[in-house]
Amino acid sequence: MTNNREALEKVTEQKRIDFVRNEMDDKLKLMEQDIHNIGGDVSQIRSNFWEDVTVNLDEPDDVIETFTSIKQQAELLGERERTYGQIHRQQKILHKLKDTPYFGRIDFDEAGEGTEQVYIGIASFMDKKNETFYIYDWRAPISSVYYDYSPGPASYQTPSGKIDGELLLKRQFIIRNGKLISLFDTGVTIGDELLLEVLGNNANSMMKSIVATIQKEQNQIIRNEKSRYLLVQGVAGSGKTSAALQRVAYLLYKHRDTLKSDNIMLFSPNPLFNSYVSTVLPELGEENMRQSTFFEYLQTRIGKAHQVEDSFSQLEYLLTETNTLQKESRLKSIQFKSSVAFKDLIDNYFRALHKDGMAFKDIVFRNKVFISREELTRKFYEMESHISIPNRIQLLIEWAQKEMKKHAKAERKQQWVDDEIELLDKEEYLEAFHAAQKKNGKEDEFDYFDQEERFLRKVIVNRHFKSIYVSIKKRRFIDIPAMYREIFQLSCPESLTEEVWRKIAEQTIANLEQSFLSYEDGTPFAYLKDKIEGRKSTSGIRQVFIDEAQDYSDFQMNYLKELFPYSKMTLLGDINQAIYAHQHNEIVSKEDNEEVERIVLMKSYRSTKEIVEFTRGLAVNGDLIEPFNRHGEKPKVIHAQDSTKKIDDLLIRIKDWQENGYKTIAIICKTIKESSEVYELLKKKIDVRFIQKGTTSYEKGISVIPAYLAKGIEFDGVVLYNASSYHGDLEKELFYTACTRAMHALTMYMDDGKLNPYFDQINQDTYETIEVN
């Protein structure tokens with residue numbers, strides 16, 4: 001009887017799918033006609049633009065009329081082009097909906113209003129009169145009932161208030177190419193059947209939208225708008241990044257009149273990750289937000305005058321340095337320069353600059369000092385002390401520009417100008433001739449040639465001085481390195497010994513002399529530069545998303561909060577993947593701050609149950625991590641007799657994985673050096689790709705990649721090429737990160753025949769050991 005009812009329901013639902021798809025076809029035909037008509041209008045307006053404009057510049061009134069005519073024609077063209085673009089975007093969304101019109105249905109009985117059947121998809125779709133919803137956008141207020149409730153009492157928030165009622169039915173669909181593959185009614189937020197269908201698929205080279213499988217706790221992230229700082233602590237594979245991207249789509253939908261993609265900024269762990277997530281928002285019909293790594297952002301703040309080390313080079317040093325004393329000294333430097341204590345030290349130094357200590361460079365031309373650093377300093381401190389340093393700098397720029405114009409005028413009489421006049425080409429002489437002729441207007445030949453020479457001298461001097469004016473405007477006369485160096489001449493901070501402070505100071509100053517900034521110096525240097533020169537406005541950014549937030553130091557996180565003082569922030573992190581040497585940022589631990597709301601995700605969806613049970617032995621509170629009930633093979637620990645046997649075994653396993661349909665396979669190494677060596681070994685035998693820190697696109701196939709670049713990405717199968725090389729507190733999180741990239745299969749090679757020390761914390765029943773002789 002139940003089977004008959006299910007079959008009948010399936011027939012009924014398929015009929016509705018067919019009906020909705022037919023309605024979409026009708027709407028697409030209308031859109032095609034609109035596109036044709038509007039496209040013709042756009043083409044005609046462009047080709048006839050000046051014919052339809054009245055141009056008359058004889059009288060002031062005529063000029064105004066001409067301007068109005070041009071403005072009206074431009075506005076008409078702009079309006080037609082916007083309409084054309086909107087219809088084109090709607091077409092793309094409808095074509096996507098035709099394949100999978102919706103993924104869910106709820107029957108909601110609103111108190112006193114009756115029952116409504118609500119079908120939920122990636123976008124809304126209405127009837128031809130735009131009166132009835134055939135499909136509701138997953139971000140619509142009523143759609144939240146689908147994600148948050150089981151059948152029974154339910155409610156949702158609308159702009160006009162709370163709507164109460166009863167959820168009578170929650171149904172999920174799997175629809176492909178307009179055909180209903182399966183349907184199931186569920187009492188849980190999203191049924192395991194749908195998740196299994198999605199998670200059991202092979203990994204793609206791009207992250208996909210998860211709107212059909214959003215869980216209740218993920219929905220809390222997506223729709224949260226209460227707190228200034230939303231902190232998501234999620235275990236590996238818990239869907240925190242996916243939920244954050246759906247959150248961007250939700251915010252753009254809910255605030256579509258006031259919030260655009262340009263108002264949102266995502267800080268991601270590396271350029272490769274930017275490529276990996278780049279399709280999620282377009283899949284939902286939204287434009288991508290601004291994206292950057294923190295390092296890229298730092299570089300724009302610091303400029304090209306200094307070479308700045310990136311975070312990966314810093315990590316490579318710590319993973320490969322064999323000199324224990326040097327490594328220990330660098331670690332202490334990293335930890336201090338990443339701390340709030342160092343930020344406080346810079347703040348105190350900056351306050352002192354209001355009265356004394358500003359450093360400037362001479363403004364020089366042809367080895368001649370036109371404005372000395374002493375003169376700049378004197379002029380700076382002659383200004384009223386209540387004027388902020390950035391405002392004083394702006395006044396100093398204006399003064400220096402005027403002074404240089406005086407010098408430029410005097411410079412026209414110099415011999416070097418005569419020498420350059422002799423080298424001018426015909427066109428430049430001709431330009432001077434016409435300019436002199438226009439200005440002179442007399443027949444007197446002597447006066448005429450005198451005028452021509454004055455013009456030529458002015459042109460030559462201005463050409464040379466142009467770069468000086470630009471340099472002054474860009475504040476290059478301020479000696480930021482000298483002031484940053486001065487900080488390390490101050491007395492030893494309380495948290496350090498004199499010896500440690502001396503070593504930190506010596507190394508920092510030596511680097512500055514080479515115009516080099518270590519990664520740990522990048523943020524403090526940029527921070528000091530911003531304090532002195534004044535920050536560029538970031539008021540256009542309303543929402544900031546920070547992925548892998550646990551990798552940001554206290555200093556970096558505070559710097560970002562000051563850079564974006566008017567923005568809300570969503571921070572996504574996992575303390576078990578904190579792979580860098582500095583301590584965790586303070587916002588992660590600020591649970592009692594009323595501006596911070598914390599959401600914890602403990603269920604892992606990425607990996608099979610067997611892989612999660614293996615990796616949770618490595619994690620803090622790993623016993624609380626809940627694996628999703630999707631089974632696979634146990635992780636393999638392989639002891640190979642030698643490197644030849646290891647490569648042979650590896651090639652066999654990769655071939656086996658490929659035959660099982662694995663599309664993405666990662667061979668993860670600890671360092672870039674090891675990755676390069678493995679790539680050279682393998683490229684002669686198989687088609688393989690080497691992913692480095694400059695790699696900007698992620699593709700299917702076999703990749704060799706250092707562990708720290710694999711963060712945030714998932715693969716069907718993962719090989720840890722030398723799992724025995726990980727040791728010490730610093731590398732435990734790196735090992736955990738590498739292991740948790742695997743969706744379906746994980747294999748680890750132990751080169752020295754011994755397990756690494758972290759296996760002491762791992763249950764032996766969670767992995768299989770294999771000897772390769």
Side-chain angles (χ1 to χ4, degrees), residues 6-40 82-110 113-147 156 158 167-185 194 208-209 211-214 246 249-250 252-254 256 281-286:
E6 287 179 359
L8 187 61
E9 289 282 3
K10 197 168 181 180
V11 169
T12 304
E13 292 290 8
Q14 183 63 60
K15 282 181 180 177
R16 188 183 191 278
I17 292 167
D18 295 339
F19 168 76
V20 170
R21 279 166 54 88
N22 287 333
E23 290 287 303
M24 288 177 183
D25 283 333
D26 291 345
K27 209 157 201 178
L28 282 167
K29 285 174 188 172
L30 291 173
M31 285 180 178
E32 198 61 49
Q33 187 60 45
D34 289 342
I35 282 278
H36 177 75
N37 293 339
I38 295 170
R82 279 192 297 276
T83 304
Y84 185 91
Q86 286 168 358
I87 295 173
H88 187 65
R89 282 192 293 274
Q90 288 169 2
Q91 277 183 315
K92 286 175 72 175
I93 291 170
L94 271 186
H95 281 299
K96 283 180 186 173
L97 282 175
K98 269 201 74 180
D99 179 37
T100 305
Y102 37 80
F103 51 80
R105 165 188 163 184
I106 56 171
D107 292 359
F108 185 74
D109 184 19
E110 183 182 338
E113 296 292 333
T115 301
E116 182 181 5
Q117 290 183 354
V118 176
Y119 287 83
I120 299 165
I122 65 165
S124 295
F125 177 62
M126 302 179 77
D127 65 359
K128 294 182 186 71
K129 295 180 180 178
N130 289 329
E131 292 176 351
T132 303
F133 277 95
Y134 291 141
I135 305 170
Y136 280 85
D137 192 296
W138 66 278
R139 297 164 289 189
I142 195 170
S143 300
S144 65
V145 173
Y146 174 77
Y147 297 113
Y156 63 95
T158 71
L167 177 57
L168 303 176
L169 173 78
K170 179 152 67 172
R171 177 169 290 170
Q172 295 161 35
F173 306 99
I174 297 173
I175 304 170
R176 298 288 180 266
N177 296 317
K179 297 299 178 188
L180 180 58
I181 308 300
S182 59
L183 66 83
F184 24 85
D185 297 343
L194 185 57
K208 293 296 182 185
S209 159
V211 293
T213 58
I214 291 167
Q246 318 302 310
Y250 170 76
L252 288 171
Y253 172 85
K254 185 173 180 186
R256 51 192 174 277
L281 288 173
E283 191 181 328
L284 298 170
E286 302 289 356

Search all heavy atoms of Tyr253 against all heavy atoms of Ser124 and return the closest pair with its distance. OH-OG, 4.5 Å

Is it the case that the side chain of Lys179 and the backbone of Gln14 share a donor-acceptor pair, with hydrogens and angles ignored and the cut-off at 3.5 Å? no

Heavy-atom pair of closest approach, residues Ile122 and Phe103: N-CE2, 4.1 Å

Least distance between heavy atoms, Met126 atom then Lys27 atom: O-NZ, 3.1 Å

Point-to-point distance, once rounded to the nearest 0.5 Å, from OG of Ser182 to CZ of Arg176: 8.5 Å

Could you tell me whether the side chain of Gln90 and the main chain of Leu28 form a donor-acceptor pair under 3.5 Å? no

Considering all heavy atoms of both residues, which atom of Arg171 and which atom of Tyr146 are nearest to each other, and what is their separation? O-CE1, 3.9 Å

Is it true that, when you exclude Lys128 itself, more than 12 heavy atoms of the residues, nucleotides or ligands shown sit nearer than 6.0 Å to its NZ? yes

Which pair of non-hydrogen atoms, one from Ala123 and one from Ile135, has the smallest distance, and what is that distance? O-CG2, 3.4 Å

Determine the interplanar angle of the Phe125 and Tyr134 rings, folded into 0 to 90°, and report it as parallel if under 30°, tilted if 30 to 60°, perpendicular if over 60°. tilted

Rounded distance [0.5 Å steps], CZ in Arg16 versus CG in Asp18: 11.5 Å

Which one of Lys254, Arg139, Arg256 satisfies the salt bridge (charged side-chain N to carboxylate O under 4.0 Å, His left out) criterion with Glu286? Arg139

Looking at side-chain heavy atoms only, is the closest gap between Gln117 and Leu169 below 4.5 Å? no

Once rounded to the nearest 0.5 Å, what's the spacing between atom CZ of Arg105 and atom CG of Asp185? 8.0 Å

Parallel, tilted or perpendicular: ring planes of Tyr102 versus Tyr119, cut at 30 and 60 degrees: tilted

Determine whether Ile17 and Arg21 make a side-chain contact, defined as any pair of heavy atoms from C-beta on separated by less than 4.5 Å. yes

Leu183 side, atom CG; Ile174 side, atom CD1 - distance, nearest 0.5 Å: 9.5 Å

How close do Met24 and Leu94 get, heavy atom to heavy atom, and via which atoms? CG-CD2, 3.9 Å

Is the shortest side-chain heavy-atom distance between Val145 and Lys170 below 4.5 Å? no

